[in-house]
Undergrad: 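Take a look at the following structure, please.
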Amino acid sequence: MSELLFIGNLGTGEIIIIAIVVLLLFGGKKIPELMKGIGKGVKNFKDGVRGLEDDIKIDETDTTAKK
């Protein structure tokens with residue numbers, strides 16, 4: 001799985017066009033704010049997943065200790 005979804009089919013020209021469209025839609029000042037928000041969202045998601053994994057490990061440890 002060396003390709004990420006559809007990104008493997010995009011060339012340099014298409015990526016530049018997409019970047020220009022995003023710049024026109026959001027403006028130069030909004031893009032850093034948008035990226036910052038996306039970064040915080042991804043960080044919160046990863047922390048939540050990590051917390052769930054820890055809870056599952058604790059539950060498994062408690063279950064085996066009670067037997």
Undergrad: In terms of hydrophobic clusters joined by side-chain contacts under 4.5 Å, are Val42 and Leu52 together?
TA: no
Undergrad: Among residues at least two apart in sequence or on other chains, which ones pass salt bridge (charged side-chain N to carboxylate O under 4.0 Å, His left out) with Asp47?
TA: Arg50
Undergrad: Is there a chain of hydrophobic side chains (I, L, V, M, F, W, Y, each step under 4.5 Å between heavy atoms) that links Leu23 to Ile20?
TA: no
Undergrad: List the residues meeting salt bridge (charged side-chain N to carboxylate O under 4.0 Å, His left out) with Glu33, not counting sequence neighbours, and say none if there are none.
TA: Lys30
Undergrad: Would Met35 and Ile15 show up in the same hydrophobic cluster when neighbours are defined by side-chain heavy atoms closer than 4.5 Å?
TA: yes
Undergrad: Assigning hydrophobic clusters by single linkage (Ile, Leu, Val, Met, Phe, Trp, Tyr; side-chain heavy-atom cutoff under 4.5 Å), is Leu24 placed with Leu34?
TA: no
Undergrad: Measure the CD1-CD1 distance between Ile31 and Ile38 for me, rounded to the nearest 0.5 Å.
TA: 10.5 Å
